[in-house]
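Presented below is the structure to which this report refers.
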Amino acid sequence: MRIYRYIVNFYCLFFPAKQRREKRQKLLLLPEIRRKNLRSKPSYRQFSNLPVQDRSILIVEPNPYHFEILPGFCKYFQDLGYLVDLIAQPNLKTDSPFIKYEHPPEIFYLSPKYQKEVLRLEKIKKYEYVFFSTSVLWEDNVRDSFINFLGYEPRAKNGLLMVEHNVIPFVKEYGHEKYVEDKRSFTLGGQQNIPILNPHYFGDHTITSRSILTTFVAVVNEHKNETFLFETCRALIKKSISNFKIIIAGRTTISEIPEDLIGIISFTGKTKFVDLWEIYNRSDFFLPMLNPEIGTHQRYREGTVTGSWQIILGFLKPALIHSHFAGYYQLNGDNSIIFDSNEALVNAIEEAIFMKQENYTFLQENLKTLSGKIYQDSLENLKNRITK
């Protein structure tokens, strides 16, 4: 691989500077794409030979991410009485979100190339629907609508359904308006008047009460939020409050924790679902770190939904969330801790640390009610689409 990288770097020197980086990235991905294709062949043969059962749905996740949403989507279809087969990229094989799922679907591990091959097979006509859990492919040298990548629509009995994760601007940019108009599209939050289908079921987890040492799970994917979180913790320490810990779960921009905060903040880096689910279970509160001072975060209250919302609903972990975003996620003082400015996050964390168990239970019970309502609304939306 190192030799291949040297060859690519040398080869790209012959391209204009503006094209060089993009060309290098595409060429460096080729070995990984080839490995995915080789790993896909057994599943391709297995899928080709597998008979399709009556009342079956085929769920397809084109990307090598978004796996955490697949149990929730599978459960909706199973609750409506359908059998589910699932196509996902090969890396799902070694890191499955179905570890706590009682009746997981049949899973076929296929790269985009082999997804394209199987979705044109004659047997696809035997499925009631093909359901794209993500409407786009943003990986493996592609950034486009998944249908555009395929070059055709899979021909299931009743056609195609899909989930739009980024309504603005990609529904219009990728020409997906026709699927919205035909009521074949869903969104994670019901944004832009497209029906909600929110996948916040992660398997049979035991909902936990709060722990002795208050634990927060945080998402930090912006450098500006690193400073924001560090300074917030330092402000708490100045107030002689240090009886808490913050775990930054999953991928993050943070590469190291400042020495004065090592006892309070830790980060996991990329981690497997079996560990991630345990971290969520053992935590008490969730810090989505939605920040109105970061321009790109505006999209999290307009055209898209933060993945933190699914975790909050699925594991019943009260959020500490800025009021600028709270209403969009149906979060309020009865199910979360709301603060009105970044500086006020200090007070919100202090409130969480010293919250009595009965008040914490109150928040959890209201979150449970919200979670159930969103589940029922989502199930009805899917049922109505199918019955029509």
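Numbering of residues begins at 1 and proceeds along the displayed sequence. These values consider heavy atoms only, across backbone and side chains, with no hydrogens, waters or symmetry-generated copies. Fair warning: this is a prediction, and the values are worked out from it, not measured in the lab.
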Within 6.0 angstrom of Lys157 NZ, more than 12 heavy atoms from elsewhere:
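Enclosed: over 12 neighbouring heavy atoms sit under 6.0 Å from NZ of Lys157.
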Are [X] and [Y] grouped together when hydrophobic residues (ILVMFWY) are joined by side-chain heavy atoms under 4.5 angstrom apart?
X      : Y      : result
Phe286 : Leu363 : no
Leu92  : Leu110 : no
Leu320 : Leu367 : no
Leu316 : Ile337 : no

Minimum heavy-atom distance between Asn332 and Asn335, given as atom pair plus value:
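Nearest heavy atoms, Asn332 then Asn335: N-OD1, 2.9 Å.
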Which heavy atom of Phe339 sits nearest a heavy atom of Leu345, and at what distance?
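So the two residues come closest at CE2-CD1, 3.6 Å.
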Apply ring pair (Phe, Tyr, Trp, His ring centres under 6.0 Å) to [X] and list each qualifying residue two or more places apart in sequence or on a separate chain.
X      : value
Phe228 : none
Phe98  : Tyr101
Tyr44  : Tyr114

Between Arg234 and Glu231, does at least one N-O distance fall below 4.0 Å, as a salt bridge requires?
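Yes, Arg234 and Glu231 are salt-bridged.
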Salt bridge between Glu32 and Arg35, side-chain N to carboxylate O under 4.0 Å?
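A salt bridge links Glu32 with Arg35.
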All pairs passing side chain to side chain donor-acceptor pair (under 3.5 Å) where [range] contributes a residue, at least two apart:
range            : result
residues 263-272 : none
residues 87-98   : Lys36-Gln89
residues 353-365 : Gln357-Thr361

Distance under 6.0 Å and angle within 45° of the ring axis: does Lys317 meet both against Tyr280?
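That pair does not qualify as a cation-pi contact.
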Residues sharing Ile294's hydrophobic cluster, by side-chain heavy-atom contacts under 4.5 Å among ILVMFWY, directly or via others?
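When side chains under 4.5 Å apart are linked, Ile294 ends up in no cluster with other residues.
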How does the hydrophobic cluster around Val136 look, that is, which other residues are in it when side-chain heavy atoms under 4.5 Å mark a link?
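Hydrophobic cluster check, Val136: joined to Tyr65, Trp138, Phe170, Tyr174.
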Mind telling me whether [Y] and [X] have parallel, tilted or perpendicular rings, with 30° and 60° as the class edges?
X      : Y      : result
Tyr375 : Tyr76  : parallel
His297 : Phe325 : perpendicular
His324 : His322 : perpendicular

Examine [X] together with [Y] and report whether their ring centres are nearer than 6.0 Å.
X      : Y      : value
Phe77  : Tyr129 : no
Phe131 : Phe73  : yes
Phe315 : Phe202 : yes

Taking only residues two or more places apart in sequence, or in another chain, which ones meet [X] in a side chain to side chain donor-acceptor pair (under 3.5 Å)?
X      : value
Ser48  : none
Asn342 : Asn291, Glu293
Thr306 : Ser308

Please name the residue in the list Ile321, Leu370, Ile312, Leu313 that meets the side-chain contact (heavy atoms from CB on, under 4.5 Å) test with Tyr329.
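When side-chain contact (heavy atoms from CB on, under 4.5 Å) is applied between Tyr329 and each of Ile321, Leu370, Ile312, Leu313, only Ile321 qualifies.
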Return a table of donor-acceptor pairs under 3.5 angstrom between the side chains of residues 161-168 and protein atoms on other chains or two or more places apart.
unit_1, atom_1, unit_2, atom_2, d
Glu164, OE1, Ser135, OG, 2.7
Glu164, OE2, His176, ND1, 2.7
His165, NE2, Ser133, O, 2.8
His165, NE2, Thr134, OG1, 3.4
Asn166, OD1, Thr304, OG1, 3.4

Hey, does the side chain of Lys126 reach the backbone of Ser56 with a donor-acceptor pair shorter than 3.5 angstrom?
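The answer is no, because no donor-acceptor pair under 3.5 Å joins these two groups.
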